[in-house]
2 protein chains.
Amino acid sequence: MSKCEQCIVREFSALKALNKDELLKLADCKTSFTVKKGDIIFEEGDSLDGIFCVKDGVCKLTKLSSNGKDQIVKLVTKGELLGQRSLISEEPTNLGATALEDMQVCFVPKSQVMEFFNVNNKFSLSMMKNVCHDLKEADNVLVNLAQKSVKERLAITLLYLHDTFGVNADESLKIQLSRDEISSIIGTATESCIRLLSDFNKSGWIELSGKKIILKNKKELRKLAE
Amino acid sequence: MSKCEQCIVREFSALKALNKDELLKLADCKTSFTVKKGDIIFEEGDSLDGIFCVKDGVCKLTKLSSNGKDQIVKLVTKGELLGQRSLISEEPTNLGATALEDMQVCFVPKSQVMEFFNVNNKFSLSMMKNVCHDLKEADNVLVNLAQKSVKERLAITLLYLHDTFGVNADESLKIQLSRDEISSIIGTATESCIRLLSDFNKSGWIELSGKKIILKNKKELRKLAE
DNA sequence: TTTAGAACATGATATTTGTCATCCTTTAGT
DNA sequence: ACTAAAGGATGACAAATATCATGTTCTAAA
């Protein structure tokens, strides 16, 4: 059982507000596990009995719409927590979580998190800041979905993927999403997404080879994304 | 200066976690004021030095998109708080707030809120629950904007206005929004919104007379909204 | 290695939604 | 009461997007 002190999650999440003693407690009660690409971490409506720390890998948070299509609401990457909202609200999850890559995850039981809430105000405040940040992001995405065209949203999404997850040595986006998943982020039909990617490709703004996407002209993409 | 003990905001918001002493402190430091319909409470990007308690009336939270159109992200009504996210994140506001009706509002300075955070864990947790609820709602709206047609979103919005703000004696929606504002909730062109309202009217699902809207066939509207 | 299924791509077409123009109605101010 | 301005309504049309059909290219399992 590894210590939590050096964990990347501690660096970026609300866990940074924990002191040494609390970190020891955390290391003691947590359970580590791996998740394979495509595996479901939890489903929409599940009752969680704790939160997840993402040590490595990326997952998508999705919600099934009544039209039968999944919408990707957020991507969660290493260093972030998963399931806080559900835990704090004491409600079943509103979104499901599925691994986009192989992941390393720790589970921290609710009782321990609640104890931290009760004895460490900084932790509460830090967690609150996290949720507030998520809320701000959700509001921004919401406005984009309401006001921007599919083409603009695709440009925004490509730049987001570039800036958030970085690129490989060949400049291609590190995170690999299927066309279907990209469509599910921007909220459009898969065919429309594929067509627009082709258009971007023909315009020379991006380069496609298989699943690889290289952003060749970020300036033009940014102009679209505004 | 009225006491906060009986205030409706206390009943519904995080303030319910405050004890008698804290409520006295609150009553002591707050400032009450009225806001006229159409007045701006704060603008997107403003730095707030506290939070607002909505004692009466309704306001809209909006964000200006780069296409020049305002998107209504949320409606805030009596009993709710305003500006928590900005205060907690210690950032300028992400959304602007404008009164849709005459309002009664109290302002509580940041220093006092932060003190409550520091001495009263229940208050922190309660505030966190509020933000979490907002996040869940934002995610749900986001999915609807991404996956539902304009017609479906209009049906959803009409039912939401009905259920949240209630009806007058003549069954018409209590909250009066311009066609432009309704469009700004569902994220569409004003003309499209007007056209669909006309369609609903012709189908007998709603009745329009001036600004008044009466939902005549909620069952059909719900079928659309799913 | 072969092969079935998934993912990707593209054309044709239908549907939805936005834009522009115009007119009507209500409202607020003189 | 009159008038200007805003809000509401509607038609004609354009643009964006979805849907359906079909073919191609990957990919993983037998």
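A note on names: the letters A, B, ... follow the listed sequences, proteins ahead of strands, and every chain is numbered from 1. Values below: every heavy atom of this structure, side chains too, minus hydrogens, waters and symmetry copies. Given the structure is predicted, the values throughout are model-derived calculations rather than measurements.
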CG of A:Leu196 versus C1' of D:dT17: gap in Å, rounded?
-> 9 Å
Tell me: CG of B:Asn67 to C1' of C:dG18, nearest whole Å?
-> 12 Å
Heavy atom of residues 174-195 of chain A under 4.0 Å from DNA chain D: which residues?
-> A:Thr188, A:Ala189, A:Glu191, A:Ser192, A:Arg195
Take the protein atom CG of B:Asp199 and the nucleotide atom P of C:dT15, then report the distance between them rounded to whole Å.
-> 16 Å
Closest nucleotide among C:dT10, C:dA7, D:dT17 to the A:Val150 side chain = D:dT17
For atom NZ of A:Lys211 and atom P of C:dA9, their distance in whole Å = 10 Å
Mark yes or no for whether B:Ser13, through its side chain, and B:Leu15, through its backbone, hold a donor-acceptor pair below 3.5 Å.
-> yes
Counting N and O atoms only, with roles assigned by atom type, does the side chain of B:Ser184 sit under 3.5 Å from a partner on the main chain of B:Asp70, one being a donor and the other an acceptor?
-> yes
At under 4.0 Å, does any side-chain N or O of B:Lys69 touch on OP1 or OP2 of C:dT19?
-> yes
Ignoring hydrogens and geometry, is there a side-chain-to-backbone donor-acceptor pair from B:Thr93 to B:Gly96 under 3.5 Å?
-> no
Note the angle between the end axes of the helix from C:dT1-D:dA30 to C:dT30-D:dA1, five pairs defining each, rounded to 10 degrees.
-> 50°
What string of B, S and - do you get for nucleotides 23-29 of chain D 5' to 3' if you count protein non-hydrogen atoms under 4.0 Å?
-> -------
